[in-house]
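First comes the structure, then the notes that go with it.
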Amino acid sequence: MISFIEHNREMLLTKKLGLYLCHMAQDDEAAKEFNKAFPADLRKKAIAMGLFDGRFDFQRMNFVEKLFIKKIAKTYETIDHINHQVIESFARAF
């Protein structure tokens with residue numbers, strides 16, 4: 001994504017933008033990650049921005065994915081933090 005933005009920044013600034021980030025971080029950390037993911041000029045241009053939270057669905061993961069999530073996120077079960085109201089609000093704004 002970073003490479004895509006770097007190579008297409010000028011073109012992106014001419015488009016109708018909606019920027020979002022799916023995450024499992026706490027609110028302050030998610031906002032920091034969002035700001036790190038998208039340059040200030042793109043955030044200023046965006047007509048909609050959102051932090052959509054996320055989900056770890058162990059039933060849909062393969063063995064390697066489960067191993068990775070268990071190690072990194074320290075969780076062993078499905079977690080669903082998706083906030084559908086935030087997604088709907090983003091879609092309406094866009």
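This is a predicted model, so every value here is computed, not measured.
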Atom pairs and distances, side-chain donor-acceptor, residues 80-94, under 3.5 Å, sequence neighbours left out:
residue: Asp80; atom: OD1; partner: Ile82; partner atom: N; Å: 3.0
residue: Asn83; atom: OD1; partner: Gln85; partner atom: N; Å: 3.1
residue: Asn83; atom: OD1; partner: Val86; partner atom: N; Å: 3.3

| task | May I ask whether Ile69 and Val64 are part of the same hydrophobic cluster, defined by side-chain heavy atoms of I, L, V, M, F, W, Y residues being less than 4.5 angstrom apart, directly or through others? | result | no
| note | Phe4 meets the side chain to side chain contact (heavy atoms under 4.5 Å, CB included) criterion, sequence neighbours left out, with Asn8, Leu12
Solution key, residues 38-47 side-chain donor-acceptor pairs under 3.5 Å, sequence neighbours excluded:
residue: Asp41; atom: OD1; partner: Arg9; partner atom: NE; Å: 3.3
residue: Asp41; atom: OD1; partner: Arg9; partner atom: NH2; Å: 3.0
residue: Asp41; atom: OD2; partner: Arg9; partner atom: NE; Å: 3.0
residue: Arg43; atom: NE; partner: Asn35; partner atom: OD1; Å: 3.3
residue: Arg43; atom: NH1; partner: Asn35; partner atom: O; Å: 2.9
residue: Arg43; atom: NH1; partner: Phe38; partner atom: O; Å: 2.4
residue: Lys45; atom: NZ; partner: Lys15; partner atom: O; Å: 3.4

| query | Got a sec, which pairs hit ring-ring contact (aromatic ring centres under 6.0 Å, His included) with one end in residues 56-75, sequence neighbours left out? | reply | none
| Joint cluster assignment, Leu19 & Leu21, ILVMFWY side-chain distance < 4.5 Å | yes
| message | According to a hydrophobic-cluster definition based on side-chain heavy atoms being under 4.5 Å apart (Ile, Leu, Val, Met, Phe, Trp, Tyr only), do Ile79 and Leu67 belong together? | response | no
| Under a 4.5 Å side-chain heavy-atom rule over Ile, Leu, Val, Met, Phe, Trp and Tyr, are Met24 and Phe34 clustered together? | no
| query | Which residues satisfy the side chain to side chain contact (heavy atoms under 4.5 Å, CB included) test with Ala37, sequence neighbours excluded? | reply | Met1
| request: Scan for side-chain hydrogen bond (donor to acceptor under 3.5 Å, both in side chains) pairs involving residues 60-76, sequence neighbours excluded, and state none if there are none. | output: none
